[in-house]
Protein chains: 2
Amino acid sequence: MVRKKEECGLASRDKRVTLQDVADDAGVSRATASLVVRGSKSIKPSTHKKVIESIEKLGYVYDRVAASFRSQSSSTVGIVITDFENPFYHQMLTKVEDMLYEQQFTFLLGMSSESREKQERVLETMLEHRVCGIILTPVVDTQPTLFNKLRALQIPALLMGREVAGSGADYVGTDYRLGSQLAVRHLVEQGHRRIAYIGGMLPGNTAYQERIDGYCSALQEYGLEVDPKLIIPTPLNREGGIRAIQEVLQLENPPTACFCHNDIIALGVTIGLRLQGFIPGEHMAIVGFDNILETETVEPKLTTVSVFHDQWGVEAARQMLDRIGGLQSDPVKIIIPPKLIVRKSSVCFKGLPNLKA
Amino acid sequence: MVRKKEECGLASRDKRVTLQDVADDAGVSRATASLVVRGSKSIKPSTHKKVIESIEKLGYVYDRVAASFRSQSSSTVGIVITDFENPFYHQMLTKVEDMLYEQQFTFLLGMSSESREKQERVLETMLEHRVCGIILTPVVDTQPTLFNKLRALQIPALLMGREVAGSGADYVGTDYRLGSQLAVRHLVEQGHRRIAYIGGMLPGNTAYQERIDGYCSALQEYGLEVDPKLIIPTPLNREGGIRAIQEVLQLENPPTACFCHNDIIALGVTIGLRLQGFIPGEHMAIVGFDNILETETVEPKLTTVSVFHDQWGVEAARQMLDRIGGLQSDPVKIIIPPKLIVRKSSVCFKGLPNLKA
DNA sequence: CTGAAAGCGCTTACAG
DNA sequence: CTGAAAGCGCTTACAG
C-alpha cells in the first residue's frame, strides 16, 4: 500500500500539533480555538468543551514562543544573581519564584559571578530573549550606563540589595546603616567599649559604606572613639572570618566584641576563635548580619541583624509585577527595616583571657 | 508643522529596531544582515563592518524570540529543582550555568517544592516555552508517565540524583549504596558495633533505598546484625537531625555512632548532642553524606561522603548538550563514584558517658 | 557574496 | 459567538 508522506507515522510525529489542527479537529476556527486556549469568557461552554477535548486528544502544546512573537509581549522575567552560594538568594528566589509563578510568569536565571563583563553579557542575552523585566543584584562596580539600553527598550529593572546611583531602576533593600547601629548599640549596652568591625570595604557601594557609617555613628552616640585599627577588611566568606579573627587576636589592645559584615564571616570568626583555643561568645562577643539558617544551629547561637530576605523577594516580585502591568512612576525605593535578633553569642561574655601569655 | 505619525519621536521610540532597519542603514539586504548577526564566515569583512556599525548606531537588539520561532529551534534549557535551600544545588547549578552559557544557551529555572502537581505544571510551562531540553531533579513519587509528552515532542530529559524507572531519561547521580558502605565500614573499623542510620525512608526512591542497602550490607560484611531500632526515619533537615538524636539517646541500648542520610541531618545531630550536654564526636561518632561547605567549619569537622556535586553539573550539562546536538542512543546512566572524607567527627570517639544517670 | 519571496504559529482587529 | 485576513521579525532555500 502506498502512503502519501503526510500520512506516514514518522512525518506526522515530527510535525508539531498546531492550533489549526485543534480547530479542525474540534470543527471550529483557529480564532475560536485561540480564545479557548487563553481562557476567554466569551465562548459557549459546549464549544469550550469540544476544543479542550481535541487538545487532549491530539496532545497539543501551546506555543508561547509564537504567541509572544505575535503579540509582541512576553511572560518571562530575567533574574541575575552574583552566585548561588550565598544563602541570601535562597529565600529571595523562593518567594520571587512563587509569586511570579502564580501570575503565570516564568523566569530566566543568570549568574554574573561578580564579573562586570559577564553581567553585561547575561543582561544582553536576556534582552535578546525579550524578557519583560529584569531583577538584578548588580556586581559591585556596576555603572549606571548599564541601564541605558533597558530604558530605551522600556524594560523595567529592579535592583536587589545594592543601589546604583543614576540607574533609574527600582530598588529593594534594607537600611544597612540602621542595622549596624542596632548591632553596635546592643554591644555597647552589653558593656563593650572596644568593638571591631570585620568585613569588606568596597568604596562606592552603599551596602558596604552604610554599614561602616552605622558602626561609627553608634559608637559616637555613646561618646566612644572609632579606632581605625579595629576596622578589619577581609574577604566576605568563612575563610575571611577565620583569618580576620586571627589578626584581631594579635592586636596590641584587642577588642572584646566583633560586629561582622555578614553571618558567614561571623561563623568564620566563631570557628577561628575555637581554632585558637578560645570560647566564642564567652571570650569574645560576636554579632553577625543577615540571619541565615545556620545562625540558629551554630554553638553559640549567633546574635545577628535580620534583614528579612524573604520579604525582599515578596516586595521585588510585587513591584516588578506592577511595572510589567504598566505602572509609570519615578523609581521606587523599598526599604525593609532590619531587626536585631539577640542570641547567645553576644550575651555570655566573660572576658578575654590573657592573650600574651 | 504637521508630522506623519511615523516621524514622531514617541512613535519611533515605541517601535523596535529590526534587522530590516539595520540592513537599510548599512545598505545591504536583510538576509545579509542576518548572516552577519549570526557570525557567518562567508561575509566580506567590509560588509561585516558596515552592518556592525549600523547595529551599534541604531541600538539594535537581536530578537531571539523571532529567530527561534522562524527556525523552530530553541536555545533555552529548562531546569527544575525541588527547592533552593539544599546546598546540593548550588555547586550543580553553578557548573551547569557556566557550561550552558559557554555554548550560548540560556536557562529557565523552575521549582517543584517537592510537589508532584507543581512539578507537572512547571514542566508543562517549559514545554510551552519550547525549551530544547530539561534537567530535572524529580520529586520523590514521580511517575514515568510524566515523561510521555517529552518523548512525544522529542525533548531530551536528564534526571539528577533520583532515578525514575521507565522514564527513558538520562541520569546523573552517584552510587549511594557504595557511599553508605564506605561510611559504615569506616565506622566499624573505628571499633563501632552499634551504628544508627538516621534519615528518610521513602520506599521506591532509589537514592533512599540504596543508602539503607549499603548500610545493611556493610554491617553484614563484618558479621554485625542489623537492629531495626537503629534505623531512625526523620525529616531531611536540621530539625530532623536534632529530634532524631534525642530519640536515639533514649534508646535502651544506644548506638555509639550515627551515619546520617545527609550532612544537614548530621549537623542537626551535632547540635542536638550539644543541646543534651554531650560532646559530638567524643561521645558519639558522626558521619554525614554530601560534603557541603559547612562540614569543614563545624566543630568537630564532619566526616562525610563526598559525591562531587560540581561534577554532576559538569556531566549533566555535557550530556544534555550532546542530546541537544542530536545524539541518539538509549538512556545513559552517569555514576560519579563517591569518596569518604575522614575528619574529626568520626575519629575522636572516647565513649558514651552513662546516659541513665 | 547578495536579493526577493515564503512562512514559522500564533493574535488581533474587523466583519458577520 | 465565529470566520477570514494580515502580520509579528526573523531564517531558509533558491536564484543570481
Side-chain angles (χ1 to χ4, degrees), chain A residues 12 14-52 54-55 58-76 104 127-132 153, chain B residues 6 11-12 14-52 54-55 58-76 104 127-132 153:
Chain A
S12 67
D14 281 347
K15 204 157 170 64
R16 198 176 170 103
V17 177
T18 73
L19 205 49
Q20 183 69 67
D21 300 330
V22 172
D24 290 348
D25 187 82
V28 300
S29 77
R30 206 164 66 202
T32 305
S34 177
L35 288 170
V36 171
V37 168
R38 286 177 290 151
S40 162
K41 301 282 178 204
S42 58
I43 297 286
K44 242 194 313 197
S46 65
T47 308
H48 181 90
K49 186 156 168 281
K50 268 195 302 185
V51 173
I52 296 293
S54 296
I55 286 173
L58 301 175
Y60 171 69
V61 175
Y62 182 56
D63 189 334
R64 275 185 203 278
V65 175
S68 291
F69 175 56
R70 174 57 180 92
S71 61
Q72 295 294 88
S73 72
S74 157
S75 59
T76 309
Q104 313 266 38
L127 294 183
E128 293 182 358
H129 279 280
R130 302 203 65 145
V131 294
C132 56
L153 294 168
Chain B
E6 305 88 68
S12 68
D14 281 347
K15 204 158 170 63
R16 198 175 171 106
V17 177
T18 72
L19 205 48
Q20 183 69 67
D21 299 330
V22 171
D24 290 349
D25 187 81
V28 301
S29 77
R30 206 164 65 199
T32 306
S34 176
L35 288 169
V36 171
V37 168
R38 285 176 291 151
S40 162
K41 300 283 177 202
S42 57
I43 296 285
K44 241 193 315 198
S46 65
T47 307
H48 181 91
K49 185 154 169 280
K50 267 194 303 185
V51 173
I52 295 293
S54 296
I55 286 174
L58 302 175
Y60 170 69
V61 175
Y62 181 57
D63 189 335
R64 275 185 203 278
V65 174
S68 290
F69 173 57
R70 173 59 182 91
S71 61
Q72 294 294 90
S73 71
S74 156
S75 58
T76 309
Q104 314 265 39
L127 294 183
E128 293 181 0
H129 278 281
R130 302 203 65 145
V131 294
C132 56
L153 294 168

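By convention in this document, chain letters (A, B, ...) are assigned in the order of the sequence lines, proteins followed by strands, and residues within each chain are numbered from 1. All figures in this text were calculated on a predicted structure; none of them were measured in a lab.
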Discussion item. Under 4.0 Å, counting only non-hydrogen atoms across every strand here, what does B:V65 touch: a base, just sugar-phosphate, or nothing?
Written reply: nothing
Fill in: A:S54: partners by side chain to side chain contact (heavy atoms under 4.5 Å, CB included), with sequence neighbours left out
A:V22, A:D25, A:A26
Practice prompt. Check the distance between D:dA4's P and A:D24's CG and give it to me in whole angstrom.
Written response: 11 Å
Worksheet item: So which heavy atom on B:S74 is nearest to which on B:R130, and how close?
Response: OG-O, 2.8 Å
Practice prompt. Figure out the CD/P separation between A:E128 and D:dG9, and round it to whole Å.
Written response: 16 Å
Practice prompt. Using whole Å, report how far CZ of A:F69 lies from C1' of C:dC8.
Written response: 8 Å
Worksheet item: How does each nucleotide of nucleotides 11-16 of chain D score, in 5' to 3' order, for protein heavy atoms under 4.0 Å: base (B), sugar-phosphate only (S), or none (-)?
Response: BB----
Worksheet item: Got a sec, which pairs hit salt bridge (Lys or Arg N to Asp or Glu O under 4.0 Å) with one end in residues 36-51 of chain B, sequence neighbours left out?
Response: B:K49-B:E53
Worksheet item: Can you check the A:D63 CG to C:dG7 P distance for me, whole Å?
Response: 18 Å
Discussion item. Without decimals, in angstroms, what is the distance between B:K44 NZ and C:dT2 C1'?
Written reply: 10 Å
Practice prompt. Report the residues that fulfil side chain to side chain contact (heavy atoms under 4.5 Å, CB included) with B:Q20, sequence neighbours left out, ordered by chain and then residue number.
Written response: B:T18, B:A23, B:D24, B:R30
Item to complete: Mind checking side chain to side chain contact (heavy atoms under 4.5 Å, CB included) for A:T32 and listing every partner two or more places apart, or none if nothing turns up?
Response: A:V28, A:S29, A:I43, A:T47
Item to complete: Carefully, step by step, assess A:V65 and B:V65 under the rule side-chain contact (heavy atoms from CB on, under 4.5 Å).
Response: CA-CA 6 Å; A:V65 175; B:V65 174; 4.2 Å; yes
Worksheet item: Under 4.0 Å: is that the gap between some side-chain N or O of B:T47 and OP1 or OP2 of C:dC1?
Response: no
Response to the item:
Between B:I43 and B:R130, whichever has its closest DNA chain C nucleotide further toward 5' is B:I43
Worksheet item: Any side-chain N or O of A:Q20 less than 4.0 Å from the OP1 or OP2 oxygen of C:dG9?
Response: no
Worksheet item: Tell me: NE2 of A:H129 to P of D:dG9, nearest whole Å?
Response: 18 Å
Worksheet item: Is any side-chain heavy atom of A:V37 less than 4.5 Å from a side-chain heavy atom of A:I55?
Response: yes
Practice prompt. Indicate yes or no: at least one non-hydrogen side-chain atom of A:H129 is less than 4.5 angstrom from one of B:S68.
Written response: no
Item to complete: Could you run through DNA chain C and flag its stems, i.e. three or more consecutive Watson-Crick or G-U pairs with both distances under 3.5 Å?
Response: C:1-3 with D:14-16, C:5-12 with D:5-12, C:14-16 with D:1-3
Worksheet item: In whole angstroms, how far is the C1' atom of D:dC10 from the CZ atom of B:R64?
Response: 12 Å
Worksheet, complete the sentence: To the nearest angstrom, the CZ-C1' distance between B:R16 and D:dC8 comes to 11 Å
Practice prompt. Locate the shortest heavy-atom distance separating B:L58 from B:D21; write the atom from each residue and the value.
Written response: CD1-O, 3.7 Å
